Structures are given as structure tokens and as C-alpha cells.
Asker: 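My questions all concern the structure below.
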Amino acid sequence: MTEQKRKLEKLAGVKGMNDVLPQDAALWEFFESTVKSMLRAYGYQNIRTPIVEHTQLFTRGIGEVTDIVEKEMYSFVDSLNGEQLTLRPEGTAAAVRATIEHNLLYDGPKRLWYIGPMFRHERPQRGRYRQFHQVGVEALGFAGPDADAEIILMCQRLWDDLGLTGIRLEINSLGLAEERARHRVELVSYLEKHVDVLDADATRRLYTNPLRVLDTKNPALQEIARNAPKLVDFLGDESRQHFEGLQRLLKANNIPFTINPRLVRGLDYYNLTVFEWVTDKLGAQGTVAAGGRYDPLIEQLGGKPTAACGWAMGVERILELLKEDDLVPHEEGCDVYVVHQGDAAREQAFIIAERLRDTGLDVILHCSPDGAPSSFKSQMKRADASGAAFAVILGEDEIASGNVAVKPLRDTSGSAEKGEQRTVPVENLTEFLINAMVATAEDGED
Ligand code: ATP
Ligand code: MG
């Protein structure tokens with residue numbers, strides 16, 4: 001390839017890692033602000049951890065025999081110091097690491113939340129990307145089913161706040177380690193009887209992580225998975241009481257649920273409660289949020305034994321649902337686009353734009369694309385395209401007389417008079433615009 005050709009070649013983003021473009025920004029912001037106000041309503045505090053962690057955090061935290069650790073992690077050696085590092089595939093391990101490292105639980109339990117990109121080397125498809133986003137919560141230091149119920153209620157409130165319907169809740173209990181051990185013996189001997197039909201994944205997991213075989217997506221194995229010994233039948237009193245306590249609280253709060261005995265989750269740190277929120281509207285990638293209790297994790301990562309539970313939500317899947325359900329918010333343009341002609345007017349335009357911003361208005365000041373003065377017509381075209389509510393126009397004449405022209409740009413259907421350009425003294429401009437905005441907003445409400 002010649003040097004010139006190489007220069008002309010366009011560079012594309014990494015496969016499975018998406019750009020969020022301005023046309024989708026309103027949707028992301030709507031989701032983020034809705035989720036943040038929900039989280040505030042439950043007293044959760046934000047935690048932000050780095051995107052890169054030591055690989056060991058995930059192998060120890062998530063478990064060696066999981067999809068994530070076996071094949072999905074972006075791991076690399078830091079060429080400067082030889083450290084084994086990984087782009088975080090999920091948020092819980094890092095939140096727990098930071099909690100232990102900074103002794104956040106010294107004065108009692110904590111309710112935490114995070115949002116940000118996660119990285120998994122998966123086959124890209126609808127609802128499954130290599131960089132995707134999760135929002136998640138961790139309720140650290142709460143042992144009872146009330147915390148499980150709380151974090152589930154939070155999801156329901158979020159669906160309601162977003163206007164989403166048809167997301168159903170499935171729950172299960174994974175019991176305690178010794179109960180899983182007893183179930184495992186039965187499960188392995190059951191699966192051994194079917195070893196000739198198991199697929200490669202299931203065969204590999206038969207002795208390393210047989211519970212995960214129940215989570216198979218292979219249609220040929222559904223029957224076998226369905227008839228396998230159920231973990232719920234191996235639960236002791238304590239586990240059963242926890243599970244029943246959760247169910248009572250969900251019923252008392254009118255949260256419908258089904259018990260799915262095959263729900264096991266793909267991460268090793270879970271015990272007792274596990275749950276998923278599932279929709280039928282997104283095809284195969286129908287799980288929009290998933291979580292449960294992970295009481296062993298904090299000790300496993302070097303902290304004092306501490307009960308904990310949480311969930312993680314796939315942001316892209318929720319946004320897809322919002323689009324599917326036509327709940328995309330309308331993106332408003334800014335309030336004012338300032339058009340100006342001549343050097344004196346440009347100086348004045350800066351001052352006026354800043355003054356308007358001081359009062360809280362959103363203002364775009366026309367800036368010439370090529371550095372040469374733009375024609376009045378082309379500026380008005382840009383003003384229209386910007387979606388601004390008003391153009392404020394400054395020409396030589398206006399400057400000389402201490403006035404500006406104000407032209408409403410949005411369709412103010414009905415009242416023809418409103419669409420007309422007005423001459424407004426500069427000192428009255430802010431007041432005029434604010435009154436006009438209030439009037440338009442009230443019109444919109446009718
Ligand atoms: P799956 O069974 O779909 O692979 P998972 O068990 O790996 O899901 P979790 O680790 O529980 O998923 O992540 C919580 C949520 O994050 C999922 O329910 C989903 O909404 C979202 N999610 C997980 N992986 C991806 C991905 N590769 N792309 C987009 N969203 C994802
Ligand atoms: Mg997965």
C-alpha cells in the first residue's frame with residue numbers, strides 16, 4: 001500500500017463496540033436521568049471504579065469456570081510493568097474490591113450504584129456487544145430477604161418510571177454451598193446418564209460446574225435440563241425461609257413473579273436468591289437485568305464476611321425496549337440562536353449570548369464555518385436547523401438603535417401573530433424571551 005492510499009483509508013471502530021451518536025443522546029440522557037432519580041429515591045450512593053483491574057480480581061471473584069472468565073475477558077499484559085490486567089467484564093467484583101480496599105463498611109452497611117461500560121469478547125449480535133453498558137446496584141451488609149426485595153422493587157419502579165411494560169420477574173434460590181454440594185452429586189449422576197447427547201459446553205462443565213449445564217441455551221438439551229434434579233428440593237430450612245420471606249415481600253408489594261428452578265446465573269458468586277427480569281420483545285437477548293445474593297464474595301476477595309446482594313442491568317437492551325415501545329423522548333433544540341452581521345454586531349452578539357446564558361437560557365451563537373462572514377440567509381438556515389425556539393438577530397441597524405430582532409422559529413400553530421419578527425430593545429431582551437418561552441410552553445400544554 002502506498003503511503004498516500006494508507007492515509008485515505010477510513011478507520012472504523014472496533015467490532016462489537018458502538019458509538020453513541022448525537023441522535024441517540026436524548027434517549028441515553030432520558031434513561032440516565034430516570035435511573036439516577038430512582039436510585040436517589042432508595043438512598044443509593046454512586047461509586048466509580050476504574051475500567052481496568054487486575055485479572056485476578058475477576059478469576060477469583062467471578063469464578064474460573066464461567067463464560068466470562070473462560071472466554072469473554074479482554075485481558076492483556078501491561079507492557080511497562082508486566083502486570084496481568086483485564087477490561088472489566090462486570091461491575092460487582094470491582095465495587096466489592098473498592099469497598100474492601102477503602103474500608104467503606106466500617107460504619108455499617110452501604111447501598112451503592114454504578115454505571116459504565118463493560119467489556120466481553122462475545123459474538124456481536126442484537127443486544128450483545130463487546131463494549132456494552134451496565135447500571136448496577138450493590139446492597140452490602142444486609143443479610144435478610146428485605147434487601148433482596150428492595151433491589152427488585154427498584155427495578156419495578158424503574159420500569160414504571162420509564163414507561164416500560166411486559167418485563168417479567170423470574171426468581172430462584174441457589175441455597176447455600178452445602179446444599180448445592182448435595183444437589184451436585186445427584187445432578188452429576190443424572191447428567192452422566194445422558195452424557196452421549198450432551199454438547200461440548202455441557203460435557204466440559206459436567207464435572208467443573210454442572211449447575212451451569214441447566215442454564216444451557218441449546219434447544220436439544222432443554223428436555224434434559226428440565227427433568228434434572230432441582231436445587232430447590234435440596235434447600236435446608238434457613239434457605240427456604242429466606243426464599244419464602246422474599247416471596248412474601250414481593251407479594252405484599254404486588255410484584256408478580258414466577259419461580260424458575262433452572263435459573264442459575266452465569267457468575268459463581270451467587271447464593272440464595274437469584275433473579276432475572278425478562279422481556280419477549282427483544283428476541284433471544286431478552287434478559288434486561290439480572291442479579292441476586294452473593295454473600296460469599298466479600299470474604300472471597302479478602303474482606304470480612306459480609307452478606308450482600310445486587311443486580312446489573314444491560315443499558316443497550318433497555319434502550320432497545322424504549323425504542324420498541326415508542327418511548328423515545330423528543331429532543332428539544334436550544335432556546336436561542338444568535339444571528340449577527342458585521343464586526344460591531346459580532347462583539348455585541350457575544351455579550352448578549354453570555355447574558356442570556358447567565359439567566360439560564362441555552363444559546364447557540366452563530367460561528368462562521370469558513371471564517372468569512374456568513375450571509376444572513378445561511379445563518380437563518382442554520383438557526384432553523386438547530387431546532388432553536390427563537391432567533392435573535394443583530395445587524396448594523398439594530399446595533400445603532402439599541403434594538404435586536406427576535407423571530408420565533410418553532411411552529412406556533414394557531415396564533416399567526418406569534419410567528420412574526422419583533423423588534424425588542426436590548427435591555428428588555430431577556431425578559432421578552434423568558435415571557436415568550438413561558439407562553440409557548442403553556443401553549444404546548446393545551
Ligand atoms: P447472557 O446470559 O445474556 O449472556 P449474562 O448472564 O452474561 O447474560 P450478566 O452478566 O448477568 O449477563 O449481565 C447483566 C445484564 O447485562 C444482562 O442481563 C444483559 O442485559 C446485559 N448484558 C450482558 N452481556 C451483554 C452484552 N455482551 N451486550 C449487551 N448487554 C449485555
Ligand atoms: Mg453472558
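All values reported here derive from a predicted model rather than from experimental measurement.
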Asker: Test salt bridge (charged side-chain N to carboxylate O under 4.0 Å, His left out) on R97 and E101; report intermediate values, then the result.
Answerer: CA-CA 6 Å; R97 195 262 314 136; E101 191 169 334; 2.9 Å; yes
Asker: Would you please test Q156 and N254 for side chain to side chain contact (heavy atoms under 4.5 Å, CB included) and show each step?
Answerer: CA-CA 10 Å; Q156 181 62 58; N254 297 316; over 6 Å; no
Asker: Can you check whether T273 reaches S173 side chain to side chain, under 4.5 Å on heavy atoms?
Answerer: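 With C-beta onward as the side chain, the pair stays apart.
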Asker: Checking E178 against R184 for the salt bridge (charged side-chain N to carboxylate O under 4.0 Å, His left out) test, could you report, in this order, the C-alpha distance in whole Å, the side-chain angles of both residues, the deciding distance, and whether it holds?
Answerer: CA-CA 10 Å; E178 54 279 17; R184 183 191 164 115; over 6 Å; no
Asker: Distance check, rounded to the nearest 0.5 Å: D215 atom CG versus T66 atom OG1?
Answerer: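 Result: 11.5 Å between the selected atoms.
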Asker: Does Q56 CD have over 12 foreign heavy atoms under 6.0 Å away?
Answerer: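 It does not: Q56 CD has 12 such atoms or fewer within range.
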Asker: Is the closest side-chain heavy-atom distance between L409 and F390 below 4.5 Å?
Answerer: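 No, every pair of side-chain atoms sits at 4.5 Å or beyond.
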Asker: When you measure from the side chain of S33 to the backbone of E29, do you find a donor-acceptor pair of N or O atoms at a distance under 3.5 Å?
Answerer: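 Yes, the answer is positive, given that a donor and an acceptor are paired below the 3.5 Å cut-off.
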Asker: Apply side chain to side chain contact (heavy atoms under 4.5 Å, CB included) to the pair W159 and V288, showing each step before the final yes or no.
Answerer: CA-CA 11 Å; W159 312 146; V288 293; 3.9 Å; yes
Asker: Can you confirm whether the side chains of S75 and Q84 place a donor and an acceptor under 3.5 Å from each other?
Answerer: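 Side chains of S75 and Q84: no pair found under 3.5 Å.
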Asker: For E122 and K71, run salt bridge (charged side-chain N to carboxylate O under 4.0 Å, His left out): C-alpha distance rounded to whole Å, both residues' side-chain angles, the deciding distance at 0.1 Å, then the answer.
Answerer: CA-CA 8 Å; E122 304 202 67; K71 53 188 186 198; over 6 Å; no
Asker: Would the number of heavy atoms belonging to other residues, nucleotides or ligands and lying under 6.0 Å from CZ of R157 be above 12?
Answerer: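 No, CZ of R157 has 12 or fewer neighbouring heavy atoms, counting only those of other groups under 6.0 Å.
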Asker: H121 side chain to R130 main-chain N or O, any donor-acceptor pair under 3.5 Å?
Answerer: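 Between the backbone of R130 and the side chain of H121 there is no qualifying donor-acceptor contact (under 3.5 Å).
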Asker: Less than 3.5 Å apart, any donor N or O on the side chain of T306 or E299 sitting next to an acceptor on the other?
Answerer: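 Note: T306 and E299 side chains miss the donor-acceptor criterion.
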Asker: Is the backbone N or O of L140 less than 3.5 Å from a side-chain atom of R111, with the two atoms forming a donor-acceptor pair by type?
Answerer: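 No, because the side chain of R111 does not come within donor-acceptor range (under 3.5 Å) of the backbone of L140.
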Asker: Please check: side-chain N/O of S386 versus main-chain N/O of A388, any donor-acceptor pairing under 3.5 Å?
Answerer: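 It does hold such a pair.
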Asker: Taking A372's backbone N and O only, do any of them form a donor-acceptor pair with S368's side chain (distance below 3.5 Å, no angle check)?
Answerer: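 Judged by distance alone, yes, a pair lies under 3.5 Å.
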Asker: Does CG belonging to N81 count more than 12 external heavy atoms closer than 6.0 Å?
Answerer: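 Enclosed.
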Asker: Could you pull out the closest heavy-atom pair between Q285 and R126, with the gap in Å?
Answerer: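 Here Q285 and R126 meet closest at NE2-O, 3.2 Å.
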Asker: Test your reading of the model: is there a side-chain donor-acceptor pair from E179 to the backbone of G236, 3.5 Å cut-off?
Answerer: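 Yes: the side chain of E179 pairs with the backbone of G236.
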Asker: Looking only at the aromatic ring of each residue, does the gap between the centers of W277 and W311 stay below 6.0 angstrom?
Answerer: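 Centroid separation for W311 and W277: 6.0 Å or greater.
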Asker: Out of curiosity, L112 CG to L104 CG, how far, rounded to the nearest 0.5 Å?
Answerer: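 Rounded to the nearest 0.5 Å, the CG-CG separation comes out at 6.5 Å.
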Asker: What's the verdict on side chain to side chain contact (heavy atoms under 4.5 Å, CB included) for F350 and V338, showing C-alpha distance, side-chain angles and the deciding distance?
Answerer: CA-CA 9 Å; F350 266 91; V338 180; over 6 Å; no
Asker: Which atom names give the shortest non-hydrogen contact between A228 and L187, and what distance separates them?
Answerer: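 Residues A228 and L187, closest heavy atoms: CB-CD1, 3.8 Å.
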Asker: Are any non-hydrogen side-chain atoms of N271 and R180 less than 4.5 angstrom apart?
Answerer: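 Yes, close enough: below the 4.5 Å cut-off.
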Asker: To check you understand the geometry: which heavy-atom pair defines the closest contact between I151 and C309, and what is its length?
Answerer: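 The pair with the smallest heavy-atom distance is CD1-SG, 3.8 Å.
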Asker: Atom CD in E320, atom CG in D325: separation rounded to 0.5 Å?
Answerer: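 Those atoms lie 11.0 Å apart.
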Asker: Rounded to the nearest 0.5 Å, what separates atom CG in D148 from atom CG in L153?
Answerer: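 Spacing of CG (D148) from CG (L153) equals 11.5 Å.
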Asker: Identify the heavy atoms of R212 and V264 that sit nearest to each other, and give their distance.
Answerer: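 Heavy-atom minimum between the residues: CA-CG2, 4.4 Å.
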Asker: Would the distance check show the side chain of N253 and the main-chain N or O of L249 forming a donor-acceptor pair, the cut-off being under 3.5 Å?
Answerer: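 Side chain of N253 to backbone of L249, a donor-acceptor pair under 3.5 Å: yes, one is there.
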Asker: Under the 3.5 angstrom rule, does the side chain of T203 hit a backbone N or O of D199 as a donor-acceptor pair?
Answerer: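 Looks like yes, one N/O pair under 3.5 Å.
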Asker: Which pair of heavy atoms, one from P210 and one from V188, lies closest together, and at what distance?
Answerer: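 In this case the closest contact between P210 and V188 is CG-CG2, 3.8 Å.
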Asker: Has the side chain of N260 got a donor or acceptor atom that lies under 3.5 Å from a matching backbone atom of R262?
Answerer: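 It does hold such a pair.
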Asker: Using the rule given for side chain to side chain contact (heavy atoms under 4.5 Å, CB included), can you reason through R88 versus V52, listing the C-alpha separation, both sets of side-chain angles and the distance that settles it, and then say yes or no?
Answerer: CA-CA 6 Å; R88 65 180 183 196; V52 177; over 6 Å; no
Asker: Please test R204 against D201 for salt bridge (charged side-chain N to carboxylate O under 4.0 Å, His left out), starting from the C-alpha separation and ending with a verdict.
Answerer: CA-CA 5 Å; R204 196 159 37 85; D201 265 347; 2.3 Å; yes
Asker: Would you say Y294 and Q300 are linked by a side-chain donor-acceptor pair, where the criterion is simply a distance under 3.5 Å?
Answerer: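 The criterion, which ignores hydrogens and geometry beyond distance, is not satisfied for Y294 and Q300.
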Asker: Quiz question: by atom type and distance under 3.5 Å, do the side chains of Y74 and Q131 form a donor-acceptor pair?
Answerer: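 Looking only at side-chain atoms, Q131 and Y74 do not form any donor-acceptor pair under 3.5 Å.
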Asker: Go through the steps to decide whether E276 and T287 satisfy the test side-chain hydrogen bond (donor to acceptor under 3.5 Å, both in side chains), and finish with yes or no.
Answerer: CA-CA 7 Å; E276 288 191 356; T287 304; 3.3 Å; yes
Asker: Under 30°, 30 to 60°, or over 60°: which ring-plane class applies to Y337 and H366, parallel, tilted or perpendicular?
Answerer: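 Plane angle between 30° and 60°, so tilted.
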Asker: What distance do M118 atom CE and R120 atom CZ have between them, rounded to the nearest 0.5 Å?
Answerer: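 Here the rounded value is 8.5 Å.
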Asker: Where do P296 and Y269 come nearest, in terms of heavy atoms and distance?
Answerer: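 So the minimum-distance heavy-atom pair works out to CD-O, 3.7 Å.
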Asker: Rounded to the nearest 0.5 Å, what's the gap from CG on D146 to CG on L246? Could you check?
Answerer: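 Going from CG on D146 over to CG on L246, the span is 10.0 Å.
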Asker: Looking at L361, is its backbone amide N or carbonyl O close enough to the side chain of D335 to form a donor-acceptor pair, meaning the two atoms are under 3.5 Å apart?
Answerer: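 No, D335 side chain to L361 backbone: no donor-acceptor pair under 3.5 Å.
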